[in-house]
Each structure stands twice: as structure tokens, then as C-alpha cells.
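Below is one structure, written out as C-alpha cells; comments come after it.
Everything numeric here is computed off the predicted structure, so don't read it as measured data. One-based numbering along the sequence shown.
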Amino acid sequence: QGQLVESGGGSVQAGGSLRLSCAASGYTYSRYCMGWFRQAPGKEREGVAGIDSDGVTTYADSVKGRFTISKDNAKNSLNLQMNSLKPEDTAMYFCAADLRYPYCLGPSLSFGYYNTWGQGTQVTVSS
């Protein structure tokens with residue numbers, strides 16, 4: 001069974017940067033739809049960025065131009081580069097994968113689209 005483990009979270013001041021990583025095991029994750037989600041206290045989990053088998057990406061409007069999702073196929077991992085961070089980016093960030101289909105035709109930010117989740121890593125941005 002697939003397993004996802006996030007790392008790279010932490011505390012940073014507004015305007016700073018962080019790079020999240022998601023180590024994947026059990027599958028060759030580059031073939032599948034993968035994404036990053038976040039959940040702030042008292043709020044629903046929301047899609048941040050998604051990537052498909054061909055490297056096509058999609059982003060939430062709130063992070064466009066600031067966040068970049070990428071795959072490291074050699075390491076079987078997923079990354080999220082976060083620049084120009086804002087206090088409203090503070091949340092628990094989760095890595096996700098859709099392991100139901102052997103090929104991903106398009107990236108998604110939909111929570112229900114994914115069936116495998118990591119435990120999350122906390123990102124805190126102070127003003």
C-alpha cells in the first residue's frame with residue numbers, strides 16, 4: 001500500500017520561503033495524480049496545487065505566482081516551493097495521491113479525487 005510522508009514545514013516571517021517535500025513509497029508516484037492541500041484551524045481542507053502524469057499543473061488562485069509544485073521522479077517525491085508567504089498561508093499542509101488509476105490525465109484540486117494522504121506538516125507564517 002502506498003505511503004506518503006511530508007517534511008519541510010516550519011515557522012517563517014511574511015515574505016519568506018519554505019520548501020515542502022513528500023516522500024512516496026510503495027508506488028512509482030510519477031504516474032499518478034498528486035497534489036498538495038492545506039487545512040487551517042476551523043476551516044475545510046482546500047486544494048493548493050496539483051500535478052498530473054505529464055507534469056501539467058494547476059493552482060488555487062490564492063497561491064498562483066507564489067507556489068510551485070514539482071515531481072522529483074528519481075527520488076519518487078513531490079515538492080512544493082512556497083515563496084512570498086503570507087500569514088493566511090498558515091495551515092497544516094498535506095500531500096495526496098490518487099492511486100486508483102495508473103495514469104493521470106489532468107491535475108485536480110478536488111479533495112474527493114484523492115485516496116491516499118500523508119499525515120501533514122505544519123506551516124506557520126507570522127506578520
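In the hydrophobic clustering of this structure, V48 groups with Y32; members are Ile, Leu, Val, Met, Phe, Trp, Tyr whose side-chain heavy atoms approach within less than 4.5 Å, directly or through other members. Both L99 and I51 are assigned to one and the same hydrophobic cluster, defined by single-linkage of ILVMFWY side chains at heavy-atom distances under 4.5 Å. When hydrophobic clusters are built by joining Ile, Leu, Val, Met, Phe, Trp and Tyr residues whose side-chain heavy atoms come closer than 4.5 Å, directly or via intermediates, Y29 is not grouped with Y114. Under the 4.5 Å side-chain heavy-atom criterion for ILVMFWY residues, no single connected hydrophobic cluster contains both I69 and L109. Two different hydrophobic clusters hold F111 and V63 under the rule that ILVMFWY side chains link at heavy-atom gaps under 4.5 Å.
Taking the centre of each ring, F67 and W36 stay at or above the 6.0 Å mark.
Under the 4.0 Å criterion applied to side-chain N and carboxylate O atoms, K64 and D61 are assigned as salt-bridge partners.
Applying ring pair (Phe, Tyr, Trp, His ring centres under 6.0 Å) to F37 and the options F94, W117, Y93 leaves one that passes, W117. In summary, of the residues considered (E46, E88, E44), a salt bridge (Lys or Arg N to Asp or Glu O under 4.0 Å) with R38 occurs for E46 alone.
To the nearest 0.5 Å, atom CZ of residue R100 and atom OG1 of residue T116 are 9.5 Å apart. Considering OG of S25 and CD of Q3, their distance stands at 4.5 Å, rounded to 0.5 Å.
A cation-pi arrangement is absent between R31 and Y103 under the rule of less than 6.0 angstrom and at most 45 degrees off the ring axis.
Counting only N and O atoms by type, the side chains of S21 and N79 include a donor and acceptor under 3.5 Å apart.
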Q.
Would S17 and N83 count as a side chain to side chain donor-acceptor pair (under 3.5 Å) here? Give the steps.
A. CA-CA 4 Å; S17 298; N83 298 327; 2.9 Å; yes

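Heavy atoms from other residues, nucleotides or ligands lying under 6.0 Å from CD of Q119 number 12 at most.
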